[in-house]
Amino acid sequence: MAKQKISDADLVDALNGLYSTYDRLSGDGQDTIDTFLDKAESPKGFTQKDLDKFIEDLDHDEQRMNQDGLHYYDILKNAKL
């Protein structure tokens, strides 16, 4: 599936939605989210490459996510900045 351009507001919503599954994730998954959100809040922000790596790193926790988490994960997986 081709990546689709995502608005800043939708990106924030998707990140917040994925964060709502935080307690369901493994320790590594939680560390992945923490690291990415720290990068997102830094003055430099993040790039498409950073987002793609974030999604790739969370792949092993996909089975732990609830339906809402999977929905937001899929949005981010297909997002183009």
Once salt bridge (Lys or Arg N to Asp or Glu O under 4.0 Å) is applied, what residue pairs with a partner in residues 55-73 remain, sequence neighbours excluded? Lys53-Asp57, Asp61-Arg64
Can you check whether Ile55's main-chain N or O pairs, donor with acceptor, with Tyr73's side chain at less than 3.5 Å? yes
Would you give the length of the straight line joining atom CG of Leu18 to atom CG of Leu25, rounded to the nearest 0.5 angstrom? 7.0 Å
Here the gap from Leu76 atom CG to Leu58 atom CG, rounded to the nearest 0.5 Å, amounts to 9.0 Å
Which residues satisfy the side chain to side chain contact (heavy atoms under 4.5 Å, CB included) test with His71, sequence neighbours excluded? Ile75
Under 3.5 Å, side-chain donor or acceptor atoms of residues 5-15 against the rest of the protein: list the pairs with distances, not counting sequence neighbours.
residue: Lys5; atom: NZ; partner: Leu81; partner atom: O; Å: 3.3
residue: Ser7; atom: OG; partner: Asp10; partner atom: N; Å: 3.1
residue: Ser7; atom: OG; partner: Asp10; partner atom: OD2; Å: 3.3

Interatomic spacing from NZ in Lys77 to CG in Leu70 - rounded to 0.5 Å: 9.0 Å
If I compare all heavy atoms of Ser26 with all of His60, which pair ends up nearest, and what's the gap? OG-NE2, 3.9 Å
Interatomic distance, CZ@Phe46 vs CZ@Phe54, rounded to 0.5 Å, equals 9.0 Å
Does Asp34 have any side chain to side chain donor-acceptor pair (under 3.5 Å) partners at least two apart in sequence or in another chain, and if so, which? Tyr22
Could you go through residues 35-45 and list every donor-acceptor pair under 3.5 Å that involves a side-chain atom there, pairing it with any protein atom two or more places apart or in another chain?
residue: Thr35; atom: OG1; partner: Asp31; partner atom: O; Å: 2.9
residue: Ser42; atom: OG; partner: Lys39; partner atom: O; Å: 2.7
residue: Ser42; atom: OG; partner: Gly45; partner atom: N; Å: 3.4

State, to 0.1 Å, how close Arg24 and Asn66 come at their nearest heavy-atom pair, and which atoms those are. NE-N, 3.5 Å
In sequence, state the C-alpha distance, the side-chain angles, and the governing distance for Asp52 and Lys3, and then conclude on salt bridge (charged side-chain N to carboxylate O under 4.0 Å, His left out). CA-CA 11 Å; Asp52 293 342; Lys3 292 189 181 272; 3.1 Å; yes
